[in-house]
> 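Let me begin by handing over the structure; questions about it come next.
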Amino acid sequence: MAKKKDIHPSIIAALNGKKCKTKTTKITADDGDTLEVERFTFGDEEPTLLAAIKAVIKLSEDSRLSGEFFIGAEEALNYISKRLDINHEQALMFSLIVNFFHDQQIHIMQFCQHLDCAPIDILPYMKEIEGLVERDFVICNQSGRWPTYRIPYHNVEALNNNEVPQKRKLTNLSCKDLVFELSRIFEQRNNDELTIEGMEKRLHLLIDSNMELHFSEMLSVYDLGCYDFIVLLFMVSRSVNYFDNHIQLHEFSDFIENDDWRKYRSSLLKEETGLQQRKLIEFANDEGFGNRKVFCLSMKAKRVLFKELDIKLTQDDGPAPGLKSHKDITAHQLFFDEATSKQVDELTSLLNEENYQQIHQRLQDKGFRCGFTCLFYGTPGTGKTETVLQLARQTGRDIMQVNVSEIKSKWVGDSEKNIKALFDDYRQKVKDCKVTPILLFNEADAIINRRQEMAEHSVDKMENSIQNIILQEMETLDGILIATTNLEQNMDKAFERRFLYKIKFNKPTVEARQHIWQTMIPSLSADAVSQLAASYDFSGGQIENIARHHAIDSILHGDDADDLSVLISHCDQEKLEKQRPRIGF
C-alpha cells in the first residue's frame, strides 16, 4: 500500500476535501412523477479531470447505480469520457478506482459498499474494467479468488496535472530501455497482474514495435517458439537488469502453462529446446561442475543480443559461465621428488601465457597439433589434482572441471551427443576467454581404461563409444586438457599415445614428508617431524588429514594437541591397519 506522504497533497485535497458544485434540477420520470436531481456542473470554473472524478465519486455514493445518479453525473461523466476516450460506464469504474488510489488491492466489494449495492449489480461493469486494464489505466491482479485492482502511480501523477494517463512509450526505444521494459512485464506477471497469454502479447508488441534494434532483429531471425521466446527474454532481463545470469529451473514455470510445463521442463533437461539447439542458453556451473537445474545465457547469446548494450563480455569481468576462476584458488605449497618437481616446473613454464602463445604458434606453423594434453598419474593423495589447481593459479588460467564419476551417469542414453556437447562447450570457452582455460578430467580412470574388445552389452558399447569420441577430440583439441588417474596400468594404449606430457606423482620421500609435516603443523619440533616422516610412509593427502585433526584438537584441547602421542594415534588411525583374519583351518 502506498504511503500517504508519497501522494501529492493536491490529489488528497481534491478527492477528500471540498464539496463538488451541484445544482438541483427537476426532471419528469417515465411514470409522470417529477423528481428533483442534484446535477454536477463545472459552472464558470475550468474543467479538470480530478474535479470531474470527484463529482462522480460524490454523486455515486449510496446511489445504488440509479438513473438519477447518471443524470446528476452526466456532465462529469461526459467530460471524463471525452478526455479519456472511454464510455460512461468505464468513466464510473475509473472514478471508483481512483477513489481508492492509495490501496494496492482494490476489491469489488469496496465499490459495493460505496454504491450501497449488491455484487450482482456490479457484474455488468466487470467487462468495462477490462477495457481500462487494456488501456493501462488500471492494473488487475488475478492471484486470488476474485480480481483486485490498483492504479499505477504515474497515472495518479497524470491526473494531478490534469493530463490523460498514457500507455508507456513502446516505440523508438533504446536497447537499454527495451530491456528495462521487459523487467516491468515480468514483474507484472510475477504479481499475477498479467496472464501468460497477456504477457506473451505484451512481449511481442514490445519487440515488434522496435524492430529497428539489432536485438529485436535477431530475435526475429531466431524465430523462436512461444516458450523459448519468453524464457530467453526473461533470462536477458535478469542478466541485464539484475546482473543475475543463473536462473533456477523452477523459475521458468511462472511463464509456462501448467499443462505444458512438464513437457517443456523435460525438453530443457534433455537439451532439446530451440534455445539449447541454437546454443543460446546452457546449463550453469558451480565451481566448474555442471548443474542441470540452473541455466545461464551462453556467451554466444550475449555477444549477439547485447551488441547495443554497454556490457563488457571479456574475462576481466570474471570467469565465463562454467569455469572456476584462477583467482579463487588458494595458494598451497607442494612438495615432490626431484624428477616430478622438474616436470611440473617445466609444464608450468610452458603454460605461462607468453611461452604458451609462442609454442602454440610454432606448432601451428609446422603443421603439428596445437593442443596440450597432459596426464597426471600416481597413487591417491600425491597431489595430482592440487597440482592442476596451482598450475591454473600460477598461469592465470580458469578451469573447466569434469568429474567423470559424477557425470558418467548423465551420458547413458545420449552418450555421443553429450560428450560432444562437453567438448563443444570447452571450444566455445577457449574462444570466449582471453587466456585459454584448462579442461580437467579429474579421476579419469573410467574413461581412459582399456576398451572392451568385441563388446556385446549395451553398457560396454556405450563406454567404447565415449572413449572413441574423446580420442577423436584429443586429436583435434586446440586448448589444454589435463587428466588425473590412480590406475595408469589399466590405460588404453590409444590414450597413452595421445598424452603429450605424462607426469608420475610418487609418494613423497622421507625428506619431502619432513617438509610437508613442518609446513602443515609448524609447531612440531624437528625431532617430532623426523620421527613422523620416518615412521609413516604417508602421501601428502594423508598428512593433510592428520593436520586437520590436529587443528581441531588445538581448538578443543589447546597445547595438548602438540603432544606427539596424540599425533601418532591419528597416524595409526589413518593407516587403518587391522589384523587380517586367517583363512582356512
Side-chain angles (χ1 to χ4, degrees), residues 329-345 347-348 374-394 401 403-405 440-445 482-491 502-581:
I329 298 172
T330 304
H332 283 158
Q333 188 175 2
L334 299 173
F335 299 94
F336 308 111
D337 57 66
E338 186 176 349
T340 304
S341 181
K342 182 178 179 181
Q343 288 179 291
V344 170
D345 289 344
L347 185 57
T348 304
C374 313
L375 178 70
F376 291 179
Y377 65 97
T379 55
T382 50
K384 299 181 293 295
T385 303
E386 187 60 42
T387 300
V388 180
L389 296 177
Q390 295 307 313
L391 274 172
R393 183 186 64 82
Q394 292 171 28
Q401 189 165 342
N403 194 318
V404 178
S405 62
L440 169 61
F441 278 83
N442 201 32
E443 299 181 1
D445 314 301
I482 302 178
T484 67
T485 179
N486 302 326
L487 303 171
E488 75 282 357
Q489 63 273 16
N490 294 330
M491 189 190 311
K502 295 179 275 286
I503 301 178
K504 183 176 182 180
F505 286 73
N506 299 304
K507 273 195 172 183
T509 62
V510 173
E511 183 180 0
R513 290 198 295 271
Q514 289 177 344
H515 286 300
I516 297 172
W517 279 110
Q518 193 67 71
T519 300
M520 291 192 175
I521 311 180
S523 59
L524 286 178
S525 66
D527 289 342
V529 166
S530 297
Q531 181 177 342
L532 292 169
S535 302
Y536 296 96
D537 184 20
F538 282 158
S539 67
Q542 290 174 301
I543 297 174
E544 182 181 7
N545 277 347
I546 297 164
R548 290 170 63 192
H549 274 294
H550 176 268
I552 295 171
D553 289 343
S554 297
I555 296 171
L556 296 177
H557 308 298
D559 294 338
D560 291 342
D562 285 335
D563 188 85
L564 184 58
S565 62
V566 175
L567 287 172
I568 290 175
S569 174
H570 289 321
C571 289
D572 290 338
Q573 292 172 16
E574 184 67 27
K575 288 173 63 176
L576 294 176
E577 288 187 347
K578 296 181 180 179
Q579 185 68 34
R580 292 185 179 181

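Quantities reported herein were computed from a predicted structural model and do not represent experimental measurements.
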> Side chain of Ser530, backbone of Ala526: donor and acceptor closer than 3.5 Å?
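Yes; judged by distance alone, with no hydrogens or angles, the pair exists.
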
> Is the shortest heavy-atom distance from the side chain of His549 to the side chain of Glu544 under 4.5 Å?
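When only atoms from C-beta onward are counted, Glu544 and His549 do not touch, as no gap falls below 4.5 Å.
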
> Give a yes or no on whether the backbone of Ser539 and the side-chain of Gln542 come within a donor-acceptor separation of less than 3.5 Å.
yes

> Looking only at atom types and distance, does a side-chain atom of Gln518 sit under 3.5 Å from a main-chain N or O of Ser525, one as donor and one as acceptor?
no

> Are any non-hydrogen side-chain atoms of Val529 and Ile521 less than 4.5 angstrom apart?
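Counting from C-beta outward, Val529 and Ile521 never come under 4.5 Å.
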
> Applying side chain to side chain contact (heavy atoms under 4.5 Å, CB included), run through Phe505 and Thr379 and close with a yes or a no.
CA-CA 7 Å; Phe505 286 73; Thr379 55; over 6 Å; no

> So with a 6.0 Å cut-off around NZ of Lys342, is the heavy-atom count from everything else above 12?
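Not buried by this count: 12 neighbours or fewer within 6.0 Å.
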
> Do we see a donor-acceptor contact under 3.5 Å between the side chains of Asp345 and Thr348?
no

> How long is the straight-line distance from NE2 of His570 back to OH of Tyr536, given to the nearest 0.5 Å?
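It is 11.5 Å, given to the nearest 0.5 Å.
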
> Nearest 0.5 angstrom please: Asp337 CG to Thr509 OG1, how far?
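Here the rounded value is 7.0 Å.
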
> Decide yes or no for Ile546 and Phe538: does some side-chain heavy atom of the first lie under 4.5 Å from some side-chain heavy atom of the second?
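Yes, side chains in contact.
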
> Which atom pair, heavy atoms only, marks the closest approach of Gly540 to Ile516?
CA-CD1, 4.2 Å

> Provide the closest heavy-atom pair for Glu386 versus Leu334 in the form atom of the first, atom of the second, distance.
CG-CD2, 3.7 Å

> Can you confirm whether Thr484 sits close enough to Phe441 that some side-chain heavy atom of one is under 4.5 Å from a side-chain heavy atom of the other?
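Of all side-chain heavy-atom pairs linking Phe441 with Thr484, none is under 4.5 Å.
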
> Any side-chain to backbone donor/acceptor pair from Ser569 onto Ser565? Under 3.5 Å, distance only.
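No, because the side chain of Ser569 does not come within donor-acceptor range (under 3.5 Å) of the backbone of Ser565.
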
> Could you walk me through whether Asn486 and Lys384 pass the side chain to side chain contact (heavy atoms under 4.5 Å, CB included) check?
CA-CA 9 Å; Asn486 302 326; Lys384 299 181 293 295; 3.0 Å; yes

> Any side-chain heavy atom of Leu532 within less than 4.5 Å of one from Leu564?
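A side-chain contact under 4.5 Å exists here.
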
> Does a side-chain heavy-atom distance below 4.5 Å link Asn506 with Phe336?
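Counting from C-beta outward, Asn506 and Phe336 never come under 4.5 Å.
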
> Testing the basics here: between Lys504 and Gln343, what is the closest heavy-atom pair and its distance to 0.1 Å?
N-OE1, 4.3 Å

> Applying side chain to side chain contact (heavy atoms under 4.5 Å, CB included) to Leu524 and Leu567, what does each step give before you reach the verdict?
CA-CA 10 Å; Leu524 286 178; Leu567 287 172; 3.2 Å; yes

> If you look at every heavy atom in Asn545 and Glu574, which pair is closest and at what distance?
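Scanning both residues completely, I find the closest heavy atoms to be ND2-OE2, 3.3 Å.
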
> Within the 4.5 Å heavy-atom criterion, are His332 and Gln390 side-chain neighbours or not?
yes

> Answer whether the closest heavy-atom distance between the side chains of Met520 and Ile543 falls below 4.5 Å.
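Yes; the side chains approach each other to less than 4.5 Å.
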
> In terms of relative ring orientation, are His515 and Phe335 parallel, tilted or perpendicular, with 30° and 60° separating the classes?
parallel

> Check each of Thr385, Leu347, Thr485 against Phe376 using the side-chain contact (heavy atoms from CB on, under 4.5 Å) test, and report the only one that passes.
Leu347

> Taking only Lys NZ, Arg NE, NH1 and NH2, and the carboxylate oxygens of Asp or Glu, determine whether Arg513 and Asp537 approach each other closer than 4.0 Å.
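Yes, charged N to carboxylate O under 4.0 Å.
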
> Kindly compute the distance separating CD1 (Ile482) from CG (Leu375), expressed to the nearest 0.5 Å.
10.0 Å

